[in-house]
Trainee: 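Supplied in structure tokens, the structure appears directly below.
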Amino acid sequence: MDEKYFAKKIEEKWQKKWAETRAFETVVDDAKPKFYQLEMLPYPSGNLHMGHVRNYSAGDAVAWYKRLKGFNVLHPIGWDSFGQPAEDAAIKRGVNPREWTEENIIAMRGQLERLGISYDWSRQMAAHRPEYYKFDQWFFLKMYEMGLAYKKKTQVNWCETDQATLSNEQASGGLCWRCGNPVTKKDLDQWFFKTTAYADQLLDDMVEVEAGWPQNVLKRQKDWIGRSEGAFVDFNVVSGTVRPADHPVSETLPPLLRQEGSQDATPPKTGGEPKNHIRVFTTRIDTIYGVNAVVVAAEHPVIVEHLSAFSTDILQKVSEIRAEKLNPTDHDADAVKDGIDTGLKAVNPFSGEQVPVWIGNYVMMEYGTGAVMSVPGHDERDFEFAKKFGLSIKTVVEPENTGGNASVNERASAAGAEDTDEKGTLPNGRVSARSEAFTEYGVMINSGEWSGKTSDDGKKEMTAFAAEHGFGEAATTYRLRDWGISRQRFWGSPIPIIYCSSCGVVPEKYENLPVKLPDTAPFTGKGESPLAKVPEFYKTTCPKCGEPARRETDTMDTFVDSCWYYFRYLDPNNTEMPFSSEKAAYWTPVDQYIGGDDHAVMHLIYTRFWTKVMRDIGLVTFDEPVKRLLTQGMVVGETFFADEGGKKKYYMPSDVTATRDAKGKITEAKSADGKALRHAIERMSKSKGNGVDPDEMIEIYGADAARIFVLFAAPIENELVWHESGIEGAVRFLQRVWRVAWKWKEQVQGSRFKVQGEHFSDTARKLRQKTHKTIKRVGENLEALQFNTPVAALMELSNALTEFKVEPDAATGGDVYAVREAIEALALMLTPFAPHSAEELYSAIVGNDKGMIANDARFPEFNAELAKTDEIEIPVQVNGKLRVKIMVSPDITDDDLRETVMNDEKVKEYVSGEEVVKIVVVPKRLVSIVVKG
RNA sequence: GCCGGAGUGGCGAAAUUGGUAUACGCACUAGACUCAAAAUCUAGCGGGCUUAACGCCCAUGUCGGUUCGAUUCCGACCUCCGGCACCA
């Protein structure tokens with residue numbers, strides 16, 4: 001220990017020692033309780049950013065805390081190394097994606113080591129290495145066998161010019177983002193994982209983790225799964241169409257429809273005979289007497305079937321609606337309702353009424369059945385649609401507890417509507433003047449024999465009735481879709497499937513795994529899967545018949561890799577299985593997972609799905625992989641400005657008002673007192689991605705200071721605005737601790753005063769109280785995953801220690817003991833936040849350099865007796881206002897306290913001449929006196 | 001639009017869950033040390049009134065309510081942030 005605090009020196013020293021002694025490598029040990037601390041693995045971009053620093057600092061704090069609490073801690077890290085950036089880098093700089101990735105991993109590992117995160121590096125995994133992705137493929141084959149991996153055609157945005165599939169963002173406005181030419185759609189065969197098969201479990205098992213997961217993540221997953229219970233109801237289609245049979249149709253079809261239309265150029269027979277039915281999904285079967293139309297999606301089979309019979313206007317509209325869906329506008333909810341009457345009629349199976357079949361742009365083919373029953377009286381969207389096209393609006397449910405039809409009329413009148421007749425339709429004219437739909441549950445009216453029932457009863461009974469009569473059934477639908485995992489990319493795990501002209505789709509054999517990626521492929525960012533251009537890759541033989549066959553050339557979504565990586569850490573060298581079940585039984589589930597809340601839905605739903613699949617395969621025995629989840633807030637940049645002299649800094653947004661141009665660029669900046677500011681420097685802006693470099697921070701301030709600051713500056717779940725001045729405060733704190741430890745070093749070293757029963761001065765006793773109160777606070781905070789408040793507590797303890805006035809050479813045994821106790825506790829409690837400094841301080845006290853792990857150090861024990869103060873301050877309120885504070889013994893009884901307070905001179909002044917109505921004594925806390933005068 | 005979350009000093013934030021509001025830190029101001037600066041140390045730091053000193057009043061987005069007592073509970077409103085976005 002040097003007299004001065006040299007961050008770099010001690011950090012290098014301990015990092016070296018940890019590596020040499022493999023301090024953080026752990027193995028299965030049934031004698032010890034285990035703790036699995038996991039942080040979301042990084043993409044190896046080449047640079048750590050401050051968000052990573054925050055994430056891993058928090059994780060390391062938990063890992064160290066649990067270690068000091070005697071747990072066998074597993075704390076691994078790896079690389080999410082498949083994905084687009086490697087390919088982009090390869091295109092841009094002509095490098096090999098594998099080499100680029102490996103180099104980045106080396107660079108980032110160095111950064112993590114310089115940060116001093118206590119990882120067990122022997123367990124490191126990387127997704128792009130064959131020994132890992134072999135088991136992506138292994139799982140794929142398992143899921144294929146289980147019927148959970150399947151192939152289906154899906155429509156994607158397609159640019160003919162670039163020969164590329166485009167995401168919705170890339171196709172916005174209907175034009176290709178790269179070449180500006182119009183986007184078309186294309187059918188593509190894609191592989192899917194059947195996540196929907198686990199929809200109920202994904203939703204219902206959430207109760208198992210409810211206590212340990214943030215509310216907002218649970219809510220977002222719930223929304224994403226979107227379970228909705230209701231019923232299917234079949235409406236028979238009774239009348240065909242209007243077009244003369246001999247009218248040629250095909251060439252009048254708009255381009256988008258031509259293919260479908262030409263398949264069936266013969267118009268269907270017209271007339272009233274039942275031809276088919278349209279099945280709708282509804283959650284409000286109780287409103288079915290209010291149906292004014294059946295509205296279907298433009299892609300609905302009934303439309304496709306009748307395509308060649310429709311008039312040009314209808315075809316035009318269908319085409320428009322489909323085109324619009326292909327290129328969604330930014331805010332679909334703002335989109336106006338559009339649609340057209342097809343001329344088809346359908347029969348409401350409950351009322352027997354015939355209603356028109358409309359095409360509506362607001363009905364989605366992908367959800368439910370692609371068809372809805374339109375009930376404008378009780379659904380806002382249907383209401384809007386009916387208003388726009390002048391369709392009738394009928395009331396069939398009214399609020400409960402208002403009694404009878406009168407209230408409906410009142411409501412309608414109040415809204416300025418004409419009264420409805422007994423059937424609920426408007427007597428003359430079809431348009432109601434009602435201003436809104438009544439969407440609540442209530443009592444059914446105008447619903448034939450069902451009238452008078454509550455919505456709840458109606459739903460149950462009518463669903464049963466429909467089922468009994470064969471025109472419907474209870475149904476549950478989900479928003480959750482199956483997970484499309486095919487990617488037309490090179491840098492991913494190949495899908496282990498072979499296409500054989502005689503055997504069809506054939507899975508690769510397990511013994512042939514991994515299906516290895518070639519070294520490189522002619523990828524350009526355009527076109528179809530790059531692997532389709534590598535004959536050495538795709539040319540193969542059929543595993544079944546041995547004839548020449550072709551491999552699947554798509555690769556898997558990178559989210560596949562992150563579904564199970566933390567199981568691979570348990571057993572990283574296993575060549576036969578993804579991991580051993582015995583090891584999983586010891587280490588998993590994960591006790592604590594920490595990461596960004598941008599993964600609240602996708603990653604965390606997929607990995608929960610994967611766990612359930614692994615459970616069904618028999619690899620694990622639990623339903624949920626993560627017991628506790630912590631989602632950290634983002635680290636965002638500061639923008640700072642300098643005044644004319646360039647000396648003083650002003651920070652956005654607190655002390656600068658800025659004028660921006662249309663592009664958001666700052667044109668003029670003023671401080672609060674009106675000074676013009678210059679030299680705007682934007683750092684770490686999200687959009688520009690030019691972050692604060694962690695290496696630079698470590699170089700200037702040290703890893704410990706950087707870590708303390710990111711944890712101290714704000715609660716972990718809040719957004720953190722990076723202020724460089726804040727990190728200087730962290731350095732000052734570490735230096736203060738260092739200075740006081742150095743001051744006492746000679747006195748406290750070794751075990752000279754490690755004896756109880758010394759005489760303690762008052763100040764020494766106070767220091768011990770502070771020490772033990774701090775032990776309690778820090779422990780409780782860390783258990784609750786709070787990192788900012790324990791740092792504050794440690795700062796207080798360090799301040800108390802600094803203020804402890806006895807000079808070391810004049811100190812008594814008791815004083816020295818109290819100081820030693822405080823410094824040792826401070827060192828141990830500092831470990832989760834600033835491990836290098838803590839190790840150095842600790843070794844100065846215990847007198848050896850072996851480190852906390854070799855010394856089997858433990859988090860200090862809280863002693864309630866020592867934390868107790870001699871006197872406590874009791875605030876006294878008179879009529880709710882704080883008037884006096886008195887000092888009493890902490891052991892005082894309520895009666896004595898009351899008496900002491902009432903005898904206090906000052907209290908008497910406040911109470912004199914008034915009648916005491918009531919005295920409230922809160923034991924050891926407060927006394928409240930109520931007087932009347 | 002719907003669903004969540006949050007509003008506390010100049011700033012980041014604390015507050016044992018109904019009991020002394022503003023801990024800890026940043027920034028700032030003054031002083032000490034210094035030829036000077038940096039660093040460090042000491043003091044001050046929500047607003048207002050008043051006093052030599054004690055003290056008093058107001059303040060946790062706004063307005064009400066419950067209570068001896070409300071940042072905390074209830075009701076209404078305002079503002080900001082996030083999620084979803086026609087899911088029938």
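Keep in mind it's a predicted model, so treat the numbers as computed, not measured. Each chain gets a letter, A, B and so on, in the order its sequence line appears, and its residues count up from 1.
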Trainee: So with a 6.0 Å cut-off around CD of A/Glu380, is the heavy-atom count from everything else above 12?
Mentor: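 Counting other residues, nucleotides and ligands, CD of A/Glu380 stays at 12 neighbours or fewer.
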
Trainee: Please write out each protein N/O paired with an N/O of nucleotides 67-70 of chain B under 3.5 Å, distance rounded to 0.1 Å.
Mentor:
{"residue": "B/rC68", "atom": "OP1", "partner": "A/Lys918", "partner atom": "NZ", "Å": "3.0"}
{"residue": "B/rC68", "atom": "O2", "partner": "A/Ser928", "partner atom": "OG", "Å": "2.5"}

Trainee: How far does the P atom of B/rU16 sit from the matching atom of B/rA36, given to the nearest Å?
Mentor: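 My reading of the P atoms in B/rU16 and B/rA36 gives 48 Å.
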
Trainee: Over all strands shown, is A/Arg883 touching base, sugar-phosphate only, or nothing at heavy-atom distances under 4.0 angstrom?
Mentor: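 Result for A/Arg883 = sugar-phosphate.
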
Trainee: Any donor-acceptor pair under 3.5 Å linking the side-chain atoms of A/Asn348 with those of A/Tyr289?
Mentor: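 A/Asn348 and A/Tyr289 do not have a side-chain donor-acceptor pair below 3.5 Å.
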
Trainee: When you compare B/rC3 with B/rG10, how far apart are their P atoms, in angstrom units rounded to a whole number?
Mentor: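 Straight-line distance between the two P atoms is 35 Å.
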
Trainee: Take atom C1' in B/rG61 and the same atom in B/rC78, then report the distance between them in whole Å.
Mentor: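 Per the computed distance, 7 Å lies between those C1' atoms.
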
Trainee: Please report the distance separating the C1' of B/rG9 from the corresponding atom of B/rC35, rounded so that it comes out in whole Å.
Mentor: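 About 39 Å, rounded to a whole number of Å.
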
Trainee: Is there a donor in the side chain of A/Asp200 and an acceptor in the side chain of A/Tyr478, or the other way round, less than 3.5 Å apart?
Mentor: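 Judged by distance alone, the side chains do pair up.
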
Trainee: Using the purine O4'-C1'-N9-C4 or pyrimidine O4'-C1'-N1-C2 torsion, is B/rU62 syn (within 90° of 0) or anti?
Mentor: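 Here B/rU62 takes the anti form, which means its glycosidic angle is more than 90° from 0.
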
Trainee: Angle class for the A/Phe709/A/Trp722 ring planes (parallel below 30°, perpendicular above 60°, tilted otherwise)?
Mentor: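 Plane angle over 60°, so perpendicular.
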
Trainee: Taking only N/O atoms, report every protein-nucleotides 41-43 of chain B pair under 3.5 Å with atom names and distance.
Mentor:
none

Trainee: Which is it for B/rG9, anti or syn, if anything within 90° of zero counts as syn?
Mentor: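 Syn conformation here, the glycosidic angle of B/rG9 being no more than 90° from 0.
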
Trainee: Please determine whether a side-chain nitrogen or oxygen atom of A/Asn788 lies at a distance below 4.0 Å from atom OP1 or OP2 of B/rA14.
Mentor: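 For B/rA14, OP1 or OP2 has a side-chain N or O of A/Asn788 closer than 4.0 Å.
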
Trainee: Could you give the distance separating B/rC54 and B/rU60 at their C1' atoms, to the nearest angstrom?
Mentor: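 Those two atoms are separated by 28 Å.
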
Trainee: Would you tell me if any nitrogen or oxygen in the side chain of A/Ser374 comes within less than 4.0 Å of OP1 or OP2 on B/rA88?
Mentor: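 No, because none of the side-chain N or O atoms of A/Ser374 sits under 4.0 Å from OP1 or OP2 of B/rA88.
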
Trainee: Hey, does A/Gly729 reach any base, or is it just sugar-phosphate, or nothing, if we go heavy atoms under 4.0 Å?
Mentor: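 It contacts sugar-phosphate atoms only.
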
Trainee: How many Å lie between CD on A/Glu719 and C1' on B/rG5, as a whole number?
Mentor: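 Answer to the nearest Å: 14 Å.
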
Trainee: Indicate whether the side chain of A/Tyr606 and that of A/Thr195 have a donor and an acceptor atom separated by less than 3.5 Å.
Mentor: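 Result is no, nothing qualifies.
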
Trainee: Any side-chain to backbone donor/acceptor pair from A/Lys459 onto A/Thr283? Under 3.5 Å, distance only.
Mentor: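 Side chain of A/Lys459 to backbone of A/Thr283, a donor-acceptor pair under 3.5 Å: yes, one is there.
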
Trainee: Among residues at least two apart in sequence or on other chains, which ones pass salt bridge (Lys or Arg N to Asp or Glu O under 4.0 Å) with A/Lys219?
Mentor: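 A/Lys219 satisfies salt bridge (Lys or Arg N to Asp or Glu O under 4.0 Å) with A/Asp223 only.
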
Trainee: If you take any heavy atom closer than 4.0 Å to RNA chain B, which residues from residues 774-782 of chain A end up in contact?
Mentor: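 None - not one residue of the stretch has a heavy atom sitting under 4.0 Å from the strand.
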
Trainee: So, the side chain of A/His378 versus the backbone of A/Thr439: is there a donor-acceptor pair under 3.5 Å, distance only?
Mentor: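 Here the side-chain-to-backbone pair does not exist.
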
Trainee: Starting at CG of A/Asp286 and ending at P of B/rA88, how long is that distance when rounded to a whole Å?
Mentor: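 Roughly 14 Å, once rounded to whole Å.
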
Trainee: Determine the contact category for A/Met364: base if any of its heavy atoms lies under 4.0 Å from a base atom, sugar-phosphate if only primed atoms, P, OP1 or OP2 are that close, otherwise nothing.
Mentor: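 If one applies the 4.0 Å heavy-atom cut-off, A/Met364 turns out to touch a base.
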
Trainee: If we take the C1' atom in both B/rU71 and B/rA32, what is their distance in whole Å?
Mentor: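 Per the computed distance, 40 Å lies between those C1' atoms.
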
Trainee: Under 4.0 Å between a side-chain N or O of A/Asn216 and OP1 or OP2 of B/rC3?
Mentor: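 No, because none of the side-chain N or O atoms of A/Asn216 sits under 4.0 Å from OP1 or OP2 of B/rC3.
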
Trainee: Test the A/Lys337-A/Phe385 pair against the cation-pi criterion, namely NZ or CZ under 6.0 angstrom from the six-membered ring centroid and within 45° of the ring axis.
Mentor: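 No, A/Lys337 and A/Phe385 do not form such a contact.
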
Trainee: Are A/Asp338 and A/Val336 close enough, and set up right, to give a side-chain contact (heavy atoms from CB on, under 4.5 Å), and what steps lead you there?
Mentor: CA-CA 6 Å; A/Asp338 198 4; A/Val336 276; 5.8 Å; no

Trainee: Over all strands shown, is A/Phe833 touching base, sugar-phosphate only, or nothing at heavy-atom distances under 4.0 angstrom?
Mentor: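 Here A/Phe833 touches no strand at all.
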
Trainee: So, is A/Arg479 near the phosphate of B/rC84, with a side-chain N or O under 4.0 Å from OP1 or OP2?
Mentor: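 Answer is no, no contact under 4.0 Å.
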
Trainee: Tell me if the aromatic rings of A/Phe350 and A/Phe471 count as close, with their centers under 6.0 Å from one another.
Mentor: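 Ring centroids of A/Phe350 and A/Phe471 are less than 6.0 Å from each other.
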
Trainee: In dot-bracket form, 5' to 3', how is RNA chain B paired? Count Watson-Crick and G-U wobble pairs only if both distances fall under 3.5 Å, and write | where the partner sits on another strand.
Mentor: (((((((..(((......[....))).(((((.......))))).((((.....))))..(((((..]....))))))))))))....

Trainee: Is A/Glu366 touching bases, backbone alone, or none of the nucleic acid, heavy atoms closer than 4.0 Å?
Mentor: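 The answer is nothing, as A/Glu366 stays clear of every strand by at least 4.0 Å.
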
Trainee: Would you please indicate yes or no on a ring centroid separation below 6.0 angstrom for A/Trp738 and A/Phe733?
Mentor: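 No.
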
Trainee: Just call it for A/Asn799: base, sugar-phosphate, or nothing, with non-hydrogen atoms closer than 4.0 Å on any strand.
Mentor: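 Since only primed, P, OP1 and OP2 atoms lie under 4.0 Å of A/Asn799, the category is sugar-phosphate.
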
Trainee: Hey, is the side chain of A/Arg279 poking within less than 4.0 Å of OP1 or OP2 on B/rA88, counting only N and O atoms?
Mentor: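 No, because none of the side-chain N or O atoms of A/Arg279 sits under 4.0 Å from OP1 or OP2 of B/rA88.
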
Trainee: Do A/Glu724 and A/Tyr701 meet the criterion of a side-chain donor-acceptor pair at a distance under 3.5 Å?
Mentor: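 Their side chains do contain a donor-acceptor pair, which is all the 3.5 Å distance test asks for.
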
Trainee: Is A/Tyr367 close enough to B/rA85 that one of its side-chain N or O atoms is under 4.0 Å from OP1 or OP2 there?
Mentor: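 Answer is no, no contact under 4.0 Å.
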
Trainee: Any Lys/Arg nitrogen of A/Glu299 or A/Arg322 sitting under 4.0 Å from an Asp/Glu carboxylate oxygen of the other?
Mentor: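 No, this pair does not count.
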
Trainee: Please measure how far the C1' atom in B/rC49 lies from the corresponding atom in B/rC33, and state the result in whole Å.
Mentor: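 Rounded to whole Å, the distance is 38 Å.
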
Trainee: Tabulate atom names and distances for all N/O pairs under 3.5 angstrom spanning the protein and nucleotides 49-53 of chain B.
Mentor:
none

Trainee: Mind checking the C1' distance from B/rU62 to B/rC45? Whole angstroms is fine.
Mentor: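 That atom pair is separated by 28 Å.
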
